[in-house]
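What's counted below: heavy atoms across the whole structure, side chains too, no hydrogens, waters or symmetry copies. Chain A is the first sequence line, chain B the second, and so forth, proteins listed ahead of strands; every chain is numbered from 1.
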Amino acid sequence: MAAIASAINKFTNFSSWFDELIFKTRIVDNRFPVKGFIVYLENGMFLLEMIRRRLEELLVETGHKTMMFPLVTTDELFAKEAEHIKGFSSEVFVIEKAGNKTLEKKLIIRPTSETIIYPMFKLWIRSHADLPFKIHQTVNVYRYETKATRPLYRAREFPWNEAHTAHATAAEAEEQVREAITIYSKVLKELGISYLLLKRPDFDKFAGAKYSIAFDAWNPDGKVNQVATIHNLGRNFSKVFEIEFEQKDGSRALVYQLCYGFGFSRVLAAVIAQHGDDRGCVFPPSIAPVQVVIVPIPFKGYEEPIMSYCKKIHEKLARIYRCVMDDREDVTPGEKFYHWEMLGVPVRIEVGPKEVSSDKVTLFRRDTLERTEADLNDVETRIEELMTKIFTSLKERSARIMEQMTVDAYSVDEVKKALSERKIAKIEWCGKEECALKLKEHAGGEVRGSRFDIAEVPQRNCIVCGEKAQEVVYVAKAY
RNA sequence: GGGGCCGUAGUCUAGCAUGGUUAUGACACCUGGCUUGGGCCCAGGAGGUCCUGGGUUCGAAUCCCAGCGGCCCCA
């Protein structure tokens with residue numbers, strides 16, 4: 001089978017497959033001369049923008065106000081919450097000079113915006129009538145990653161959306177966790193992405209949170225890709241940032257808070273990695289930069305009727321879809337096929353003398369590589385049907401792979417074996433960090449957490465120490 | 001933090017051990033022609049601080065030193 005370049009398979013050689021693909025399809029150019037910083041090209045930006053729009057739409061619908069906060073905080077503010085600074089201090093960029101002047105108060109570039117947003121919450125939140133208070137912003141954040149960086153997965157600058165909410169009671173904060181899950185799940189499911197919704201073990205929660213839950217998407221190399229997280233902060237931050245409100249009875253109380261973040265570039269990586277195949281990207285129709293491509297197959301002497309037939313179709317379809325007619329004359333149809341397939345265009349229309357003489361078109365669907373014939377009259381209906389089918393089959397295929405990738409393991413060795421086969425291991429665990437560390441050392445994977453969406457009750461003993469298991473957890477390598 | 005590998009055109013790469021003419025090839029790019037139902041073919045063209053600096057030498061992509069950059073493995 002023809003491949004994106006030199007027979008690179010996404011499951012056996014994921015890195016090359018991915019790097020080459022995102023470069024050739026003009027999603028990103030990672031040749032920027034500063035490590036960990038990449039250039040997003042037109043197709044990458046288009047895809048990010050589609051994902052961003054949908055997420056923001058849902059956030060606004062549910063009452064999150066759109067705002068934009070500054071890029072910087074001070075080290076004093078940043079250091080306020082003890083756990084928080086411990087978790088992030090090793091990876092923040094610090095501005096120490098401005099012009100020729102050495103700054104007395106160093107500025108910290110946000111790795112996340114709690115310490116930038118919460119001083120403002122203190123000013124804005126006065127009364128129970130102000131609650132719940134919900135805001136969100138789409139910005140780039142900066143983390144000095146020391147591990148190997150990889151475009152879209154792990155960069156030192158990355159685009160995300162972060163939401164921050166404040167509530168009167170712990171119960172309302174819990175309710176908000178559900179709402180955040182609903183919003184994020186919706187966006188991910190509309191992209192056909194499969195993931196595990198996990199409550200992170202205590203030792204791996206967000207720095208400063210009461211607990212954290214995360215969306216871990218599967219990846220062809222077996223590592224999981226954390227695309228979004230939701231943190232219940234309790235009153236850890238409101239205590240130190242003094243975010244108080246006046247209750248109905250006149251007494252004062254600290255707010256309960258949540259923050260949740262959605263990594264656009266990692267979501268895009270998941271779309272590419274989960275749906276793509278050895279011919280390249282396969283995009284869900286809703287976000288595909290090009291949804292329909294028309295490829296004329298001219299024969300000597302018949303060029304004119306074929307081209308005008310194509311133009312007619314293009315005119316009609318361009319009103320409904322992002323539709324391109326590839327009328328390049330110096331490129332053969334075969335080469336055009338490969339080109340648009342790599343770009344993940346869901347539906348292709350082929351028009352040659354055969355179609356023109358019978359008032360038909362040939363439709364090609366990117367996901368299954370199947371061709372069908374359609375009458376010119378109902379081409380729109382047929383494309384609409386195809387798009388729905390394509391989305392459903394992408395989604396189902398991704399879910400199936402996720403299922404096959406997850407295997408039960410009853411010993412450390414079995415975990416090791418599962419991970420070496422690029423799988424995610426499901427184990428029973430006592431809950432002690434010590435056992436998780438041992439597991440990481442001997443099997444190479446991290447305890448990612450227990451299912452948050454469904455209850456999985458442990459029946460046996462911890463596979464590491466043999467004591468009674470407290471949780472059913474998933475173990476995987478991670479980005 | 002420890003160890004290893006590698007920097008040659010837009011991309012990938014040969015050459016390097018054993019220094020020697022004009023730095024190899026493929027893809028991509030430009031011009032013209034031919035073709036068109038899966039990457040066709042023919043002819044021509046352009047593109048290089050061989051990562052940077054220093055050293056050895058009659059002569060360095062090649063050897064030595066330093067720096068910068070990238071990748072991988074282990075902790």
Quiz item: With a non-hydrogen cut-off below 4.0 angstrom, is E441(A) in contact with a base, only sugar-phosphate, or nothing?
Solution: nothing
Quiz item: Quantified in whole Å, what is the C1' atom distance between nucleotide U49(B) and nucleotide G54(B)?
Solution: 16 Å
Quiz item: Should the pair K199(A)-E471(A) be classified as a salt bridge under the 4.0 Å nitrogen-to-oxygen rule?
Solution: no
Quiz item: Does F337(A) stack onto the base of G38(B), taking stacking as ring centres under 5.5 Å apart and planes under 30° apart?
Solution: no
Quiz item: Want to settle it: does E329(A) or E341(A) sit nearer the 5' end of RNA chain B, counting the closest nucleotide to each?
Solution: E329(A)
Quiz item: So what does Y302(A) hit on the nucleic acid, given a heavy-atom distance under 4.0 Å: a base, only sugar-phosphate, or nothing?
Solution: nothing
Quiz item: Can you check whether K300(A) has a side-chain N or O nearer than 4.0 Å to OP1 or OP2 of U35(B)?
Solution: yes
Self-check item: Charged N-O contact under 4.0 Å between R365(A) and D367(A)
Solution: yes
Quiz item: Roughly how far apart, to the nearest Å, are U52(B) and G69(B) at atom P?
Solution: 15 Å
Quiz item: D327(A) CG to U36(B) P: how many Å, rounded?
Solution: 18 Å
Quiz item: U35(B) P sits how many Å from I306(A) CD1, rounded?
Solution: 15 Å
Practice problem: Sticking with atom C1', work out how far G59(B) lies from U21(B), rounded to a whole angstrom. | Solution: 12 Å
Quiz item: When you compare G25(B) with G33(B), how far apart are their P atoms, in angstrom units rounded to a whole number?
Solution: 27 Å
Quiz prompt | Pairs meeting criterion salt bridge (charged side-chain N to carboxylate O under 4.0 Å, His left out) with involvement of residues 305-317 of chain A, two or more places apart | solution = K316(A)-E380(A)
Quiz prompt | S15(A) or V351(A), whichever maps to the more 5' nucleotide of RNA chain B | solution = V351(A)
Quiz prompt | Watson-Crick or G-U counterpart of C5(B), or none if no pair lies under 3.5 Å | solution = G70(B)
Practice problem: Just name whichever nucleotide pairs with G38(B), Watson-Crick or G-U, keeping both distances under 3.5 Å, else none. | Solution: none
Quiz item: A46(B) pairs with which nucleotide, Watson-Crick or G-U wobble, both distances below 3.5 Å?
Solution: none
Quiz item: Taking atom C1' of G70(B) as reference, at what distance in whole Å does atom CZ of F37(A) sit?
Solution: 16 Å
Exercise. Please state the C1' separation for the pair C51(B) and A43(B) - nearest whole angstrom.
Key: 37 Å
Quiz item: Of V464(A), V472(A), D408(A), which meets side-chain contact (heavy atoms from CB on, under 4.5 Å) against E428(A)?
Solution: V472(A)
Practice problem: Answer with base, sugar-phosphate or nothing: what part of the nucleic acid does P353(A) contact at a heavy-atom distance below 4.0 Å? | Solution: base
Practice problem: Please state how far atom OH in Y338(A) lies from atom P in A28(B), giving the value in whole angstrom units. | Solution: 14 Å
Quiz item: Nearest 0.5 Å, what's the CZ-NE2 distance between F237(A) and H231(A)?
Solution: 9.5 Å
Self-check item: Spacing of N30(A) atom CG relative to C71(B) atom C1', expressed in whole Å
Solution: 12 Å
Quiz item: Using a cut-off of 4.0 Å on non-hydrogen atoms, how would the nucleic acid contact of R348(A) be classed: base, sugar-phosphate, or nothing?
Solution: base
Quiz item: Is the phosphate of C71(B), meaning OP1 or OP2, less than 4.0 Å from a side-chain N or O of K35(A)?
Solution: yes
Quiz item: Which of these nucleotides, C71(B), G39(B), G37(B), is closest to any side-chain atom of E335(A)?
Solution: G39(B)
Self-check item: Separation between the C1' atoms of G4(B) and C42(B), rounded to whole Å
Solution: 48 Å
Quiz item: Rounded to whole angstroms, how far apart are CG on L437(A) and P on A75(B)?
Solution: 13 Å
Practice problem: Taking only Lys NZ, Arg NE, NH1 and NH2, and the carboxylate oxygens of Asp or Glu, determine whether R52(A) and E49(A) approach each other closer than 4.0 Å. | Solution: yes
Quiz item: Would a distance-only check, ignoring hydrogens and angles, find a side-chain to backbone donor-acceptor pair under 3.5 Å from R348(A) to V293(A)?
Solution: no
Quiz item: What distance, rounded to whole Å, do you find between the two C1' atoms, one in G7(B) and one in C50(B)?
Solution: 10 Å
Practice problem: Give the rounded distance in Å between these two atoms: CZ of F299(A) and P of C40(B). | Solution: 16 Å
Self-check item: Watson-Crick or G-U counterpart of U11(B), or none if no pair lies under 3.5 Å
Solution: A26(B)
Return the polar atom pairs (N/O with N/O) between nucleotides 6-12 of chain B and the protein under 3.5 Å, or none.
unit_1: G10(B); atom_1: O3'; unit_2: R31(A); atom_2: NH1; d: 2.7
unit_1: G10(B); atom_1: O2'; unit_2: R31(A); atom_2: NH1; d: 2.8

Quiz item: Using 4.0 Å as the upper bound for N to carboxylate O, is an ion pair formed by K389(A) and E385(A)?
Solution: no
Quiz item: Across the strands shown, which category fits R328(A) at heavy-atom distances under 4.0 angstrom: base, sugar-phosphate, nothing?
Solution: nothing
Quiz item: Is K416(A) reaching over with its side chain to a backbone N or O of G444(A), donor-acceptor style, under 3.5 angstrom?
Solution: no
Self-check item: Note: E434(A)-K432(A) ion pair, threshold 4.0 Å (strictly below)
Solution: no
Quiz item: Rounded to the Å, how far apart are D19(A) CG and G70(B) P?
Solution: 15 Å
Practice problem: Look at the side chain of E350(A) against the base of G38(B) and say whether a donor-acceptor pair falls under 3.5 Å; ignore hydrogens and angles. | Solution: no
Quiz item: Taking the same atom, C1', in A26(B) and in A9(B), what whole-Å distance lies between them?
Solution: 13 Å
Quiz item: If you take atom types as modelled and just measure distance, does the side chain of R279(A) reach the base of G39(B) with a donor-acceptor pair under 3.5 Å?
Solution: no
